[in-house]
**Q** 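Supplied in structure tokens, the structure appears directly below.
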Amino acid sequence: MFGISALPSAVFAVGAVFLPESPRWLVMHGRVDEALDVLQQLCATGDEAQVLWSEAALPEEWSGGLGVWREMFLYPTPPVRRMLVAGMGVLFVQHLSGINGVQLYSARVFKAVGIASTNEILAANIGMGLAKTVFILTAILLVDRVGRRGLYLSSLAGVIVSLSCLGLSLTVIEHSKPNQDVPWPRAAIASVFTFVASFSIGLGPITGAYSSEVIPLRLRAQGVGVGVAFNRVANATVALTFISLSNAITMGGAFFLFGFLSVGAATFFYFFCPETQGRPLEEIEEVFRHGWRERRHNVLSPFHVFKHTETR
């Protein structure tokens, strides 16, 4: 059974051998001709590749990574600091929703709501996997239409509501009399599926895309690396403490806590993570040149729409 799990990784590893390098990375290393060749391979026509090449503000040289850590953590400019906070922050808060508590300990969660049969627990897990797949595919279709912020915040809203319902349902079940016929087990199961679906349509897939968009190219390798380390720490913390936390404050209390943390994640994203939809990577730094208060003032300004239309 565990050997079968290695097959997707093997396919991915073979496919990675044929992945081309990023044109920007090739330019940074002085391999301009190779960069143009890769761009022509990725575009439908040669003319499209030439247009993208002429419009892109590609870097002319590479510093060899010197000074990256200093720019990131010792002397970051205000735009770079805001970009790093946004990019690393979304990676860190992703697992504060407690998704690993549901995925890794789903059997324990389903048993708490009264599902005792092994076949029923297996069927519930398969249903969770299907829901996750369907809503991730839905996110792929919607992300460039709705935008990162809209989909991410809507996802978090669903996560918060479903975690609150799950916490309430489990708390009522824990205090119900044995063999008492109440609707809360069904509400808890529905909340689990809603939680997984909500996570999969935004909080799951958009986190990686957003973090790679907002961190500047010259800092991206190290910045995303540090952000992923934060992500794995949060992941491991939830996975290693879920049982102890459930025993200490009950399973319902644990999901209430994750819901509260998700409110914090939504607050962070609302204030510190601006929309990046439709913007070339070269313009992302311009988005972060101003803080959230100034961005909010510009959006609410009566001249904002006029200026936007005029520039187009």
**Q** How long is the span from the CD1 atom in Ile189 to the CD atom in Glu120, to the nearest 0.5 Å?
**A**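 Between Ile189 CD1 and Glu120 CD, I get 8.5 Å after rounding to 0.5 Å.
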**Q** Checking Tyr105 now: which residues fulfil ring-ring contact (aromatic ring centres under 6.0 Å, His included) with it, not counting sequence neighbours?
**A**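 Once residues adjacent in sequence are excluded, the partners of Tyr105 under the ring-ring contact (aromatic ring centres under 6.0 Å, His included) criterion are Phe242.
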**Q** Quick check for you: to the nearest 0.5 Å, what is the distance between Ser164 atom OG and Phe256 atom CZ?
**A**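 Reported to 0.5 Å precision, the distance equals 6.5 Å.
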**Q** Taking side-chain hydrogen bond (donor to acceptor under 3.5 Å, both in side chains) as the test, write out the residues that go with Thr250, two or more places apart.
**A**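 Partners of Thr250 by the side-chain hydrogen bond (donor to acceptor under 3.5 Å, both in side chains) criterion come out as none, since no residue qualifies.
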**Q** Ignoring hydrogens, what is the shortest heavy-atom contact between Ala239 and Leu104? Give both atom names and the distance.
**A**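 Nearest heavy atoms, Ala239 then Leu104: CB-CD1, 3.6 Å.
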**Q** Can you confirm whether Leu163 sits close enough to Ser262 that some side-chain heavy atom of one is under 4.5 Å from a side-chain heavy atom of the other?
**A**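 Sidechains of Ser262 and Leu163: in contact.
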**Q** Which distance, rounded to the nearest 0.5 Å, do you find between the CG of Leu168 and the CZ of Phe255?
**A**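 The distance works out to 13.5 Å.
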**Q** Holding to ring-ring contact (aromatic ring centres under 6.0 Å, His included), I want the full list of residues that pass it with Phe268, two or more places apart in sequence or in another chain.
**A**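 ring-ring contact (aromatic ring centres under 6.0 Å, His included) list for Phe268, sorted by chain: Phe272.
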**Q** Group every Ile, Leu, Val, Met, Phe, Trp and Tyr by side-chain heavy-atom contacts under 4.5 Å, then state whether Leu261 and Ile249 land in the same group.
**A**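 Yes, it is one cluster - the side chains of Leu261 and Ile249 are joined through contacts under 4.5 Å.
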**Q** Would you compute the distance between atom OG of Ser246 and atom CG of Leu170 and round it to the nearest 0.5 angstrom?
**A**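 Between atom OG of Ser246 and atom CG of Leu170 there are 9.0 Å.
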**Q** Is any side-chain heavy atom of Val102 less than 4.5 Å from a side-chain heavy atom of Met128?
**A**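 A side-chain contact exists here, since the closest heavy-atom pair is under 4.5 Å.
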**Q** Please table the atom pairs, donor to acceptor, closer than 3.5 Å between any side-chain atom in residues 72-81 and protein atoms at least two apart or in another chain.
**A**
unit_1: Thr77; atom_1: OG1; unit_2: Val80; atom_2: N; d: 3.4

**Q** I'd like to check the ring-ring contact (aromatic ring centres under 6.0 Å, His included) partners of Tyr152; sequence neighbours left out, ordered by chain and number.
**A**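 Listed in chain order: Phe269.
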**Q** For a 4.5 angstrom cut-off between non-hydrogen side-chain atoms, does Ile201 reach Ile136?
**A**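 No, every pair of side-chain atoms sits at 4.5 Å or beyond.
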**Q** So if you build clusters from Ile, Leu, Val, Met, Phe, Trp, Tyr with side-chain heavy-atom gaps below 4.5 Å, do Phe271 and Phe288 land together?
**A**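 Linked within one cluster.
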**Q** For Ile160, which fellow cluster members are found when Ile, Leu, Val, Met, Phe, Trp and Tyr are connected by side-chain heavy-atom distances below 4.5 angstrom, either directly or through intermediates?
**A**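 Members other than Ile160 - counting any ILVMFWY side chain reachable under 4.5 Å - are Val263.
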**Q** Who else is in Leu130's hydrophobic cluster (ILVMFWY, side-chain heavy atoms under 4.5 Å, direct or via others)?
**A**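 Leu122, Ile126, which link up through side-chain heavy atoms under 4.5 Å apart, make up the rest of the cluster.
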**Q** Run the side-chain contact (heavy atoms from CB on, under 4.5 Å) check on Val90 and Ile206 step by step: do they pass?
**A** CA-CA 9 Å; Val90 293; Ile206 291 178; over 6 Å; no
**Q** For the side chain of Ser212 and the backbone of Ala209, is there at least one donor-acceptor N/O pair under 3.5 Å apart?
**A**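 Side chain of Ser212 to backbone of Ala209, a donor-acceptor pair under 3.5 Å: yes, one is there.
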**Q** Should Met88 and Val224 count as side-chain neighbours, where that means a heavy-atom distance under 4.5 Å?
**A**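 SC-SC contact between Met88 and Val224 ruled out.
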**Q** Quick one: CE on Met251 to OG on Ser169, what's the gap to the nearest 0.5 Å?
**A**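 It is 13.0 Å, given to the nearest 0.5 Å.
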**Q** Would you name the heavy atoms of Gly101 and Val109 that are closest together and state the gap between them?
**A**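 The pair with the smallest heavy-atom distance is O-CG2, 4.2 Å.
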**Q** What side-chain hydrogen bond (donor to acceptor under 3.5 Å, both in side chains) pairs are there with at least one residue in residues 122-141, not counting sequence neighbours?
**A**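 Those involving residues 122-141 are Gln103-Lys132, Ser106-Asn125.
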**Q** Which heavy atom of Ala124 sits nearest a heavy atom of Phe193, and at what distance?
**A**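 Taking every non-hydrogen atom into account, O-CZ, 3.6 Å.
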**Q** Walk me through whether Asn235 and His95 qualify under side-chain contact (heavy atoms from CB on, under 4.5 Å).
**A** CA-CA 6 Å; Asn235 184 325; His95 286 282; 3.4 Å; yes
**Q** Excluding sequence neighbours, so at least two apart, what forms side-chain contact (heavy atoms from CB on, under 4.5 Å) with Pro205?
**A**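 Residues passing side-chain contact (heavy atoms from CB on, under 4.5 Å) with Pro205: Ala139.
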**Q** Counting distance only, does the side-chain N/O of Ser244 pair as donor-acceptor with the main-chain N or O of Thr241 below 3.5 Å?
**A**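 Side chain of Ser244 to backbone of Thr241: no pair is present.
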**Q** Stepwise, does the side-chain contact (heavy atoms from CB on, under 4.5 Å) test hold for Thr237 with Val233?
**A** CA-CA 6 Å; Thr237 300; Val233 168; 4.1 Å; yes
**Q** For the residue pair Ser198 and Leu203, establish whether any side-chain heavy-atom pair is separated by less than 4.5 Å.
**A**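 Not in contact.
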**Q** Flag yes if more than 12 heavy atoms outside Arg149 fall under 6.0 Å of its CZ atom; otherwise flag no.
**A**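 More than 12 heavy atoms, drawn from other residues, nucleotides or ligands, come within 6.0 Å of this atom.
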**Q** Quick one: pull up CZ in Phe199 and CG in Leu156 and give me the separation to the nearest 0.5 Å.
**A**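 Spacing of CZ (Phe199) from CG (Leu156) equals 9.5 Å.
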**Q** Is any side-chain heavy atom of Ile173 less than 4.5 Å from a side-chain heavy atom of Pro185?
**A**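 In short, these two side chains touch, coming nearer than 4.5 Å.
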**Q** Which atom pair, heavy atoms only, marks the closest approach of Val238 to Gly98?
**A**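 Shortest heavy-atom contact: CG1-CA, 4.1 Å.
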**Q** State whether the number of non-hydrogen atoms from other residues, nucleotides or ligands found under 6.0 Å of Phe92 atom CZ is greater than 12.
**A**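 Incorrect, the count does not exceed 12.
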**Q** If hydrophobic residues (ILVMFWY) are linked whenever their side-chain heavy atoms come closer than 4.5 Å, directly or via other members, who joins Phe12 in its cluster?
**A**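 Taking Ile, Leu, Val, Met, Phe, Trp and Tyr as members, Phe12 stands alone, with no cluster partners.
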**Q** Apply side-chain contact (heavy atoms from CB on, under 4.5 Å) to residues Phe195 and Ile99 and explain how you reach the verdict.
**A** CA-CA 8 Å; Phe195 171 50; Ile99 185 66; 3.8 Å; yes
**Q** Residues in side-chain hydrogen bond (donor to acceptor under 3.5 Å, both in side chains) with Glu174, at least two apart?
**A**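 side-chain hydrogen bond (donor to acceptor under 3.5 Å, both in side chains) check on Glu174 returns nothing, list empty.
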**Q** How far apart are the closest heavy atoms of Ser162 and Gly158, and which atoms are they?
**A**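 What the structure gives for the nearest pair is OG-O, 2.7 Å.
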**Q** In chain order, what residues pass the salt bridge (Lys or Arg N to Asp or Glu O under 4.0 Å) check against Asp37, with sequence neighbours excluded?
**A**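 Salt bridge (Lys or Arg N to Asp or Glu O under 4.0 Å) list for Asp37, sorted by chain: empty.
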**Q** Is the backbone of Thr276 close enough, under 3.5 Å, to the side chain of Arg148 for a donor and an acceptor to pair up by distance?
**A**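 Flag not set: sc Arg148 to bb Thr276 has no pair under 3.5 Å.
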**Q** With a 4.5 Å cut-off on side-chain heavy-atom distances among I, L, V, M, F, W and Y, is there a chain of contacts connecting Tyr270 to Val85?
**A**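 Yes, because Tyr270 and Val85 connect within a single hydrophobic cluster, where side-chain heavy atoms sit under 4.5 Å apart.
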**Q** Kindly work out whether a path of hydrophobic side-chain contacts (I/L/V/M/F/W/Y, heavy atoms less than 4.5 Å apart) joins Leu19 to Val17.
**A**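 No; Val17 is not reachable from Leu19 via cluster members.
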**Q** Going by atom types only, do Gln94 and Asn231 share a side-chain donor-acceptor pair under 3.5 Å?
**A**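 The answer is yes; a qualifying pair exists.
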